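Lettering of chains follows the sequences in order, A, B, ..., and the numbering in each one begins at 1. Not measured: the values here are computed from a predicted model.
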Amino acid sequence: MENYKPQGIEKKWQKIWERRKTFQVNLKKAKKPYYNLMMFPYPSAEGLHVGNVYAFTGSDIYGRFRKMQGYDVFEPIGFDAFGIHSENFAIQKKIHPKVLIQKNVNNFRRQLKNLGCLFDWRYEVDTTKPNYYTWTQWLFLQLFKSGLAYRKKAPVDWCPSCKTVLADEQVIDGKCERCDTNVIQKELEQWFFKITKYAERLLKNLDWINWSERTKVAQKNWIGRSEGAQIEFKIQNSKFKIPVFTTRPDTLFGCTYLIISPEHRLIENLKLKIKNWDEVQKYIKESKKKTESERTELIKEKTGVELKRIKAVNPANQEEIPVFVADYVLVSYGTGAIMAVPGHDQRDFDFAKKYNLLIVEVISPDGKEHILTESYTGEGILINSGKFNGIESEKAKLEITKFVKAKKAVNYHLRDWLISRQRYWGPPIPIIYCKKCGIVPASEKDLPIELPHVKNFRPAGAGKSPLASVPNFVKTKCPKCKGPGQRETDVSDTFLDSSWYFFRYPSANLKNSPFDKKLTEKWLPVDMYIGGQEHAVLHLLYTRFMTMVLKDLSHINFEEPFKKFRAHGLLTKEGTKMSKSKGNVVNPDDYYKKYGADTLRMYLMFLGPFSEGGDWQDRGIMGTYRFLNKVWNLRSKVNYGLSIKNKELDRLIHKTIKKVTEDIENLKYNTAISALMILANELEKEEKISSEYYSLFLILLAPFAPHITEELWQKLGHKESISLEKWPEPRPELLKEEKITLIIQVNGKVRDKIEVSADISKEKARDLAVSQKKIKNWVEGKEIKKVIFVPNKLINIVI
RNA sequence: GCCCGGGUGUUGGAACUGGUAGACAAAAUUGACUUAAAAUCAAUUGGGAUUUAUUCCCGUGAGGGUUCGAGUCCCUCCCCGGGCACCA
């Protein structure tokens with residue numbers, strides 16, 4: 001008999017699938033549409049990372065499973081090929097991104113085809129193609145026209161190495177997400193999307209969407225809703241007021257000073273009144289110079305300067321209190337000013353100690369007064385709070401808010417999405433600046449605003465995109481007055497490209513609109529989306545925002561993009577993260593060659609639970625290779641005439657059907673594979689296997705190892721692809737065990753096991769148990785206090 | 001500091017709503033086949049004790065608790081991974 005040679009078989013079937021159009025879906029006619037989506041890769045390296053292969057395999061198994069269950073599965077793929085990742089790779093390689101990224105894409109495509117997924121390549125999407133980014137720009141225009149895109153001079157995070165601004169989400173520990181450089185603050189005119197307007201909706205919908213719990217929690221924390229009150233403090237002898245946001249209005253009587261952030265507008269307004277203006281001015285300058293990470297490194301050491309001669313009034317007790325400027329108060333959160341309650345906030349406590357300010361205890365856990373050595377931030381009973389003394393802090397929140405005539409207020413951690421980038425490799429933002437008309441959106445019929453070829457595509461710095469150095473591009477006519485105008489030279493954030501790509505797939509080849517409404521509403525929301533947990537707050541939040549916007553603009557009739565989302569885990573190599581710098585990245589090509597895609601797919605899925613990730617160890621891959629070999633060799637035992645029923649095997653096969661079905665539904669591929677291995681081991685023990693058993697086995701294996709199962713299926717005499725077979729259902733009557741192993745425990749410890757019939761009664765089991773020799777030794781001469789009987793499992797005798 | 005995960009043999013990992021801990025693999029050792037190696041097949045592998053084929057004790061990060069019975073539930077603590085972080 002011939003040996004298992006994966007390479008030839010895999011190539012053969014990939015060609016057949018293509019020729020027979022096995023995986024092509026008729027989007028218009030499909031009766032049971034099922035949109036199975038995986039996060040598309042960014043080709044910012046020469047080839048696929050085994051981590052990509054891991055993700056795609058997991059998603060593809062799910063898609064193949066649904067297909068065999070009778071759904072019309074649409075499983076598209078594409079490339080997120082714009083963006084800084086790709087551009088930086090081009091800079092490093094000193095090759096123009098237009099050339100290099102296309103080459104990468106080609107290699108990615110070849111590798112993806114080797115993996116044997118259900119991809120329908122007719123609907124491939126590439127974000128760098130004008131027929132895609134036309135619509136990315138169109139989206140920008142829709143947001144602009146509805147007031148959701150705006151331009152604003154703002155202090156933004158700037159990466160001096162990437163020479164561009166970063167979105168709030170792209171700054172990690174005060175460092176650039178990509179290159180680890182310390183981010184600095186710059187005042188620049190930038191484009192923003194008003195995602196904050198959707199904060200409440202983005203939060204609320206989390207209650208009902210079927211997503212991984214972890215991802216939902218991450219989004220919830222990122223949106224960061226907090227409830228409290230906005231309280232106004234009058235400034236003595238002036239018309240000004242300082243509003244502050246607090247979650248603890250119950251501590252208002254303990255507020256002994258105010259702090260405003262260095263960027264607060266009021267400082268300018270009060271300039272003439274501040275006695276120590278020079279000192280204040282100096283402090284503000286110093287703090288602006290600090291980078292974000294310097295500010296956070298100095299977390300313990302709080303600094304500030306009092307605004308001398310300025311006094312505010314605590315509205316609760318009319319006390320005069322000093323006002324400080326300090327950079328631990330952020331301008332971008334709340335009102336940019338806080339009421340300091342040193343007794344009940346540790347930061348305020350530290351500050352008060354340092355500058356010798358009054359600390360008053362107003363919340364007491366036991367109603368008594370204490371000498372505070374640190375702040376008390378818990379709940380308690382009010383003291384030193386005038387007529388509110390004695391009431392509970394939770395209740396006092398509302399009452400004090402009312403008492404000082406303040407408003408209830410809600411604040412979010414979420415900031416508006418900064419979408420402009422001073423880089424080359426992205427879609428130009430379709431805006432024109434006209435001296436007469438101001439900021440004018442490009443006309444929709446002029447789209448795409450094509451990205452010009454720029455020889456020197458490196459970022460120039462100084463806050464300008466390389467596009468600014470192309471006069472032909474910059475000079476244009478104002479679409480409104482036809483006078484001279486200048487184009488916006490910034491490009492948009494890559495996350496904008498990826499925020500809507502799943503809308504484009506079904507309409508990938510559509511010419512005059514971003515997507516077909518009818519087709520979109522037939523196939524979307526996406527039925528199953530699988531991707532990395534690392535996108536929990538960036539990509540996944542933006543897609544939700546964009547979907548809501550499109551709904552509000554009546555382009556679609558749903559507002560959440562993904563019915564079901566499941567995050568997969570991280571693939572590590574011998575315990576550590578794979579990364580280029582560590583040089584431990586596994587290249588799938590080596591394994592395709594050596595063992596074939598089926599073995600690779602199965603090994604990756606066998607490593608551990610898909611949602612938790614797993615650890616790649618080179619030596620382990622032999623296990624799944626041996627398994628597939630075993631499956632291959634089992635064919636020699638298949639006997640076509642054989643129809644003798646084997647009850648034990650029947651049961652095992654139906655148990656396996658049940659287990660594999662449930663496990664795939666829950667993405668527990670590792671245990672599904674283990675169940676298939678157990679079945680294969682049992683089949684191997686048989687001298688002859690009926691073709692019915694073998695067929696069922698192949699069908700169960702097909703989503704995991706599509707090529708070898710096709711080949712063996714064909715060898716069994718079938719003409720059609722195994723992927724068109726119907727997924728089997730377990731027959732309950734065959735699942736029933738006739739005999740079971742009954743565990744006999746004495747005082748909860750296992751002392752014996754016996755074979756009994758499955759429907760044995762408690763009394764019978766008990767009599768049988770105590771008559772066992774081993775059990776006699778334990779119970780003889782002792783009084784049996786209790787007998788616990790768990791049908792089909794165990795009997796426990798308590799003495 | 002806060003919020004999520006997680007801690008089980010030599011390793012990756014199993015274990016349903018509390019009911020046989022270590023499935024399935026990997027690795028190692030021994031044996032068979034072979035001139036030899038690889039491959040393949042068979043056996044063994046948590047620790048300890050023992051009357052050494054037959055039974056007991058201990059064992060799921062640590063300690064305590066609930067229960068007839070705990071890897072699983074509760075409390076306290078330790079460690080690892082990830083996310084957020086001067087957010088008022």
| Pairwise P distance for G71(B) and U60(B), with rounding to whole Å | 7 Å
| request: Could you check whether Asn411(A) gets within reach of a base, just the sugar-phosphate, or nothing at all, counting any heavy atom under 4.0 Å? | output: nothing
| query | Does A32(B) have a Watson-Crick or wobble partner in any strand here, with both distances under 3.5 angstrom, and which is it? | reply | U40(B)
| request: Quote, to the nearest angstrom, the P distance that separates U11(B) from A23(B). | output: 14 Å
| query | What's the closest nucleotide to the Ser674(A) side chain, out of A23(B), A25(B), G19(B)? | reply | A23(B)
| message | Side chains of Arg751(A) and Asn796(A): any donor to acceptor distance under 3.5 Å? | response | no
| task | Compare the minimum distances between each of A23(B), G19(B), A88(B) and the side chain of Lys793(A), then state the nucleotide with the smallest one. | result | G19(B)
| task | Side chain of Ile338(A) only, please: which of A88(B), A25(B), A23(B) is the nearest? | result | A88(B)
| message | Centre-to-centre under 6.0 Å for Tyr257(A) and Tyr355(A), is that the case here? | response | no
| Is it true that the NZ or CZ of Lys762(A) lies under 6.0 Å from the centre of Phe789(A)'s six-membered ring and within 45 degrees of the ring axis? | no
| field | Of the listed nucleotides A25(B), A88(B), A85(B), the one nearest the side chain of Tyr333(A) | value | A88(B)
| query | In whole angstrom, what separates Lys216(A)'s NZ from G5(B)'s P? | reply | 13 Å
| task | Could you tell me whether Glu763(A) and Arg766(A) have a side-chain N and a carboxylate O separated by less than 4.0 Å? | result | no
| query | What integer number of Å spans the C1' atoms of U67(B) and U55(B)? | reply | 28 Å
| request: Name the residue closer to the 5' end of RNA chain B, choosing between Gln745(A) and Asp348(A) according to the nucleotide with the nearest heavy atom. | output: Gln745(A)
| said: Which nucleotide, if any, forms a Watson-Crick or G-U wobble pair with U67(B), using both distances under 3.5 Å? | reply: none
| task | Identify the nucleotide, in any strand shown, that forms a Watson-Crick or G-U wobble pair with U72(B), with both distances under 3.5 Å; if there is none, say none. | result | none
| request: Tell me what Lys749(A) touches on the nucleic acid: a base, only sugar-phosphate, or nothing, going by heavy atoms under 4.0 Å. | output: sugar-phosphate
| query | How about Thr624(A) and Tyr595(A): do any of their side-chain heavy atoms sit closer than 4.5 Å? | reply | no
| Criterion side-chain hydrogen bond (donor to acceptor under 3.5 Å, both in side chains) against Arg566(A), the qualifying member of Thr215(A), Asn666(A), Asn210(A) | Asn210(A)
| task | For Ile788(A), answer base if it contacts any base atom (sugar-phosphate contacts may also be present), sugar-phosphate if it contacts only those atoms, and nothing otherwise; contact means non-hydrogen atoms under 4.0 Å. | result | base
| Rounding to the closest angstrom, what is the interatomic distance between U29(B) and G18(B) at atom C1'? | 38 Å
| note | Partner of G81(B) under the Watson-Crick or G-U wobble criteria, both distances under 3.5 Å, comes out as C4(B)
| note | Between NZ of Lys594(A) and C1' of A38(B) the distance, given in whole Å, is 13 Å
| note | With syn defined as a glycosidic angle within 90 degrees of 0 and anti as anything else, the base of G13(B) is anti
| task | Test for a donor-acceptor pair under 3.5 Å between the base of G1(B) and the side chain of Gln346(A), counting only N and O atoms. | result | no
| query | What residue among Arg248(A), Glu379(A), His344(A) forms side-chain hydrogen bond (donor to acceptor under 3.5 Å, both in side chains) with Ser393(A)? | reply | Glu379(A)
| request: Ignoring the backbone of Thr247(A), work out which of G19(B), A25(B), A88(B) is nearest its side chain. | output: A88(B)
| query | Does a side-chain N or O from Arg626(A) land closer than 4.0 Å to OP1 or OP2 of U40(B), or not? | reply | yes
| query | Paired with G22(B): which nucleotide, if any, by Watson-Crick or G-U wobble criteria at under 3.5 Å for both distances? | reply | none
| note | Ranking U20(B), C16(B), G12(B) by distance to the side chain of Leu607(A), first place goes to G12(B)
| field | Glu534(A) CD - G82(B) P separation (whole Å) | value | 13 Å
| request: Classify the nucleic acid contact of Asn221(A) as base, sugar-phosphate or nothing, counting any heavy atom under 4.0 Å across all strands shown. | output: sugar-phosphate
| query | Across all strands, who's sitting opposite C16(B) as a Watson-Crick or G-U wobble pair, both distances under 3.5 Å? | reply | none
| Is the distance between the ring centroids of Phe627(A) and Phe606(A) less than 6.0 Å? | no
| Sugar-phosphate, base or nothing in reach of Val217(A), heavy atoms under 4.0 Å | sugar-phosphate
| field | Gln617(A) or Asn629(A), whichever maps to the more 5' nucleotide of RNA chain B | value | Gln617(A)
| query | Looking only at side-chain N and O atoms, does Arg751(A) come under 4.0 Å of OP1 or OP2 in C57(B)? | reply | yes
| request: For Arg619(A) and A28(B), give me the distance from atom CZ to atom P, rounded to whole Å. | output: 8 Å
| task | Rounded to the nearest angstrom, tell me the gap between atom NZ in Lys630(A) and atom P in U40(B). | result | 10 Å
| remark: Rounded to whole Å, CG of Asp615(A) lies from C1' of U11(B) at a distance of 9 Å
| Rounded to the nearest Å, what distance is computed from the CD1 atom of residue Ile673(A) to the P atom of nucleotide A14(B)? | 12 Å
| message | Suppose you measure atom P in G64(B) against the same atom in A14(B); what distance do you get, rounded to whole Å? | response | 29 Å
| Does Asn670(A) make a side-chain N or O approach to OP1 or OP2 of A14(B) shorter than 4.0 Å? | yes
| query | In terms of side-chain heavy atoms of Arg214(A), which of A23(B), C4(B), A25(B) is nearest? | reply | C4(B)
| task | For Leu794(A), report the nucleic acid contact type (base, sugar-phosphate, nothing); a contact means any heavy atom under 4.0 Å. | result | base
| For U20(B), does either OP1 or OP2 sit under 4.0 Å from a side-chain N or O belonging to Lys753(A)? | no
| When the P atoms of G48(B) and U66(B) are considered, how many whole Å apart are they? | 33 Å
| field | Opposite nucleotide pairing with C56(B), Watson-Crick or G-U, both atom distances under 3.5 Å | value | G48(B)
| Between Tyr603(A) and Tyr591(A), does the ring centre distance come in under 6.0 Å? | no
| field | Protein-nucleotide distance (Leu604(A), atom CG; G13(B), atom P), rounded to Å | value | 14 Å
| C86(B) base to Lys302(A) side chain: any donor-acceptor pair below 3.5 Å? | yes
| said: With a 4.0 Å cutoff (strictly under), does any side-chain N or O of Asn3(A) reach OP1 or OP2 of A39(B)? | reply: no
| Carboxylate-amine/guanidinium contact Lys637(A) Glu684(A), below 4.0 Å | no
| Say you pick atom P in G65(B) and the same atom in C80(B); how far apart are they, in whole Å? | 28 Å
| task | Pick base, sugar-phosphate or nothing for Ser226(A), based on heavy-atom distances below 4.0 Å to the nucleic acid. | result | sugar-phosphate
| request: Could you give the distance separating U35(B) and C24(B) at their C1' atoms, to the nearest angstrom? | output: 37 Å
